[in-house]
Visitor: 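Below is the structure I would like to discuss, written out as structure tokens.
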Protein chains: 4
Amino acid sequence: MRKVDPERQQAKRRQIIEAAADCFARRGFHATTTAEICAAAGMSPGNLFHYFASKNAIIEAIAEEEWRDTAAYFAAIDRDTPDPLEAVLSFLDVVMVFAADRSYSRLALEVAAETLRNPVVGTSVAAGDAAMRDGLAALLRQAAARGQIDPDLDPAQCAKWIAVLIDGVFSRLALDTGFDPVHEAPMLRRVVSRFLAKPGRGA
Amino acid sequence: MRKVDPERQQAKRRQIIEAAADCFARRGFHATTTAEICAAAGMSPGNLFHYFASKNAIIEAIAEEEWRDTAAYFAAIDRDTPDPLEAVLSFLDVVMVFAADRSYSRLALEVAAETLRNPVVGTSVAAGDAAMRDGLAALLRQAAARGQIDPDLDPAQCAKWIAVLIDGVFSRLALDTGFDPVHEAPMLRRVVSRFLAKPGRGA
Amino acid sequence: MRKVDPERQQAKRRQIIEAAADCFARRGFHATTTAEICAAAGMSPGNLFHYFASKNAIIEAIAEEEWRDTAAYFAAIDRDTPDPLEAVLSFLDVVMVFAADRSYSRLALEVAAETLRNPVVGTSVAAGDAAMRDGLAALLRQAAARGQIDPDLDPAQCAKWIAVLIDGVFSRLALDTGFDPVHEAPMLRRVVSRFLAKPGRGA
Amino acid sequence: MRKVDPERQQAKRRQIIEAAADCFARRGFHATTTAEICAAAGMSPGNLFHYFASKNAIIEAIAEEEWRDTAAYFAAIDRDTPDPLEAVLSFLDVVMVFAADRSYSRLALEVAAETLRNPVVGTSVAAGDAAMRDGLAALLRQAAARGQIDPDLDPAQCAKWIAVLIDGVFSRLALDTGFDPVHEAPMLRRVVSRFLAKPGRGA
DNA sequence: GATGAATGAGTATTCATTCAT
DNA sequence: CATGAATGAATACTCATTCAT
């Protein structure tokens, strides 16, 4: 009888998070009212606060979820993969698939914007970011060991610049309506490949 | 003798824009109240509206100024520069100098965020963005003609990805406190150089 | 058990309307602040807007209520009353009773003033006005058929001039503090009686 | 040299009054800003206050002018006119001519509305009203003496009800767009004639 | 748990009026 | 006299959050 609660609790939280994520993607975090979220989640205004202490707590949960997903992605990569460079490039393909989802990319920008204002969001995003960079750096180290990339490159710094590219893609989506992730995905592979390639040989 | 206004008018607008830009950079556009801007600009609450019709109009003016500066930068580049590739890389250095200014980079992110909500800001930012990409593409075309870069690359698409990198740098500044533009500037040069370089030769 | 709202909702709206009507009568529509209305209705500033979307919506509701009351009054008159002329004159007595209520007459003037600015109010007032004139015209037609009034008169035009007199009474109340509706009621009867009377015979 | 000032002063005041009257008629007293009046009068915002101490002072001046005009109208009527009844009815025609002027009738309503809020306006309007009723009462007394009207009527009370009719006409103009003063003028004559007529004879 | 009515702090903007030039 | 920049008080409305039922 008691164990049902935590389950329902989680189900409701998911329901709210999904409704809110949708609202945030469409109208932005600040422009979205709690009333809108409640309506989208099919619940009463007061009830929301049984599940989240505040509107901020919702975007904090979204940011944390994002972080966990990223960490899980890299945790799932085989540490002894025979082709670590391809693992990096595959990750970029995955990123571009997400980027192609208008709703996801909008939400990502909203979360990024909240980073500047909400330290809790900032912490989660930073953690997810660190997980990604660490994961990439580890793969790059392996790639270097296997002779797939320029051994003179600093894996951590390269991971940082891959992150720059990923962030840049999401910014582009907001600023340049002509930027199509599906179409540009091969180019991202190429930019990164050339960047990592050993000098003296072509892409 | 009577109509000395235009000058004073412009001076006041500058004063307000600078005060507002500072507030926006510190606290964000939405969190900044008009009262704060007035206080920072040393004027009474009502007086602000003699110079700007609304709070939105201020950030619109900032966005437009930014656009004009960008356009002016590229308009000033010698069309027959003997080293167009270096012109591109020099521009990246300039970008990194701006990026190193905390206040500037914060403001840039606020403007970018407003892009999604305020179409006037969106238009200015898009215009500045187009000016930058067109300017870069022109330089890349010259660089290709002079054999400085891989002739197989599409100048417009390369300009687009340089824009991705620049946007990414500004995003990084918000997300990763360990990202130091001064220190990373050479890396940006290197990433772009390698990306543009003719295959078969090193950076 | 849950949705007992409609009743409470209506009760609250009434409460607000009455508080607002009182404020409008005392201080005028524009001079009345929403805070005053809330205070008079015994509720918090924000709560008012659960019941009315705006301050304008309140006076619109008042105007509509007025219109419905007028329409209801005439709908309730027996279409086969044996003395239609007396029905007209009785209506004038009722009008004068309302006019004698300082609060009511002030409010009526405020509503009339809003007619010029707020089209929603204008529509309701026009509808109430039309209902009154149609009702009066119908009675005058019956009165003519029964030989109670001059058969040469145009019922619609007579109704219009009775409306002129009624409007005039309310204007008088504002302009001439010496105008006492209770005392003047018989005179209104007399003016209208003489106006409608068959020529060749006295009032 | 000094005597020119009072003249210019008066000219400027007229100019302002006319510009303001036009604005008030079009947009209403409260909705009209002093800036609009200044623009319409072709002067700077500050300058207005050299001629009128406040916005209220302008409508007060308009109300006073109205009062003086009314008083002058009745002062000009020959005290020994052979046909005082016709003088009354002619006055009604004049009223209807004014009523037909949309701008004038709107302004009259604005002034009337201010009566409730501004005691200075109230005093002027009351004075004008008294002048009109006194003038009418005097004429009615003469008409009674000459056997033109029912001798049993109280001249003051009749004047009061004529005022009711006039006020009513102006109200009608605001409420009923189908009320055409030019077309209704004969009816006003008829209503008043019947009202004043000796019993036992037709209109 | 659920409801939705109630709260009340927070804010951009307007505009009559003043006053230095 | 004229200008128009400056003032600052005043106000409708929003919305996250609480709480009685």
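Nothing here was measured: the structure is a model prediction, and the numbers come from that model. Atoms considered below: every heavy atom in the structure, side chains included; atoms not considered: hydrogens, waters and symmetry mates. A note on names: the letters A, B, ... follow the listed sequences, proteins ahead of strands, and every chain is numbered from 1.
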Visitor: Rounded to the nearest Å, what distance is computed from the CZ atom of residue D/R8 to the P atom of nucleotide F/dC1?
Guide: 6 Å
Visitor: Using purine N1 to pyrimidine N3 plus N6-O4 or O6-N4 for Watson-Crick, or N1-O2 and O6-N3 for G-U wobble, both under 3.5 Å, which nucleotide pairs with F/dA20?
Guide: E/dT3
Visitor: Which whole-number value in Å describes the distance from A/I59 CD1 to F/dA16 C1'?
Guide: 15 Å
Visitor: Would you tell me whether B/Y51 and B/Q10 have side-chain atoms, one donor and one acceptor, within less than 3.5 Å of each other?
Guide: no
Visitor: If the threshold is 4.0 Å, N to carboxylate O, is there a salt bridge linking A/E64 and A/R13?
Guide: no
Visitor: Is there a side-chain polar atom (N or O) of D/Y51 under 4.0 Å from OP1 or OP2 of F/dA2?
Guide: yes
Visitor: Looking at CG of B/L48 and NZ of B/K55, how far apart are the two atoms once the value is rounded to the nearest 0.5 Å?
Guide: 11.0 Å
Visitor: Does D/K12 make a side-chain N or O approach to OP1 or OP2 of F/dC1 shorter than 4.0 Å?
Guide: no
Visitor: Using a cutoff of under 3.5 Å, can you pull out all pairs of nitrogen or oxygen atoms linking the protein to nucleotides 17-21 of chain E, with atom names and distances?
Guide:
unit_1: E/dT17; atom_1: OP2; unit_2: D/K55; atom_2: N; d: 2.9

Visitor: Could you let me know what E/dA9 is paired to, Watson-Crick or G-U wobble, both distances under 3.5 Å, or none if it's on its own?
Guide: F/dT14
Visitor: Check the pair B/R106, B/S103 against side chain to side chain contact (heavy atoms under 4.5 Å, CB included), reporting the backbone distance first and the verdict last.
Guide: CA-CA 5 Å; B/R106 276 295 182 94; B/S103 184; 6.0 Å; no
Visitor: Taking the nucleotide of DNA chain E with the closest heavy atom to each, which residue, C/L48 or A/L48, is nearer the 5' end?
Guide: A/L48
Visitor: To the nearest Å, how far apart are A/H30 NE2 and F/dT14 P?
Guide: 18 Å
Visitor: Send over the distance from B/R13 CZ to F/dA6 P, rounded to a whole Å.
Guide: 14 Å
Visitor: Measuring from atom NE2 of D/H50 to atom OG of D/S44, what distance do you get when rounded to the nearest 0.5 angstrom?
Guide: 7.5 Å
Visitor: Salt bridge check, B/E65 against B/R14: does any charged N sit closer than 4.0 Å to a carboxylate O?
Guide: yes
Visitor: How close or far is atom C1' of F/dC15 from atom CZ of A/R27, stated in whole angstroms?
Guide: 13 Å
Visitor: Under 4.0 Å, counting only non-hydrogen atoms across every strand here, what does A/F52 touch: a base, just sugar-phosphate, or nothing?
Guide: nothing
Visitor: For A/E7 and E/dG1, what is the distance between atoms CD and P respectively, to the nearest whole Å?
Guide: 12 Å
Visitor: By nearest nucleotide on DNA chain F, pick out whichever of C/T33 and A/T33 is the more 5' one.
Guide: C/T33
Visitor: Would you call the rings of B/H30 and A/H30 parallel, tilted or perpendicular if under 30° counts as parallel and over 60° as perpendicular?
Guide: tilted
Visitor: Any side-chain N or O of A/S44 below 4.0 angstrom from OP1/OP2 of E/dG4?
Guide: no
Visitor: Check this one for me: any side-chain N or O of C/Q9 less than 4.0 Å away from OP1 or OP2 of E/dG4?
Guide: no
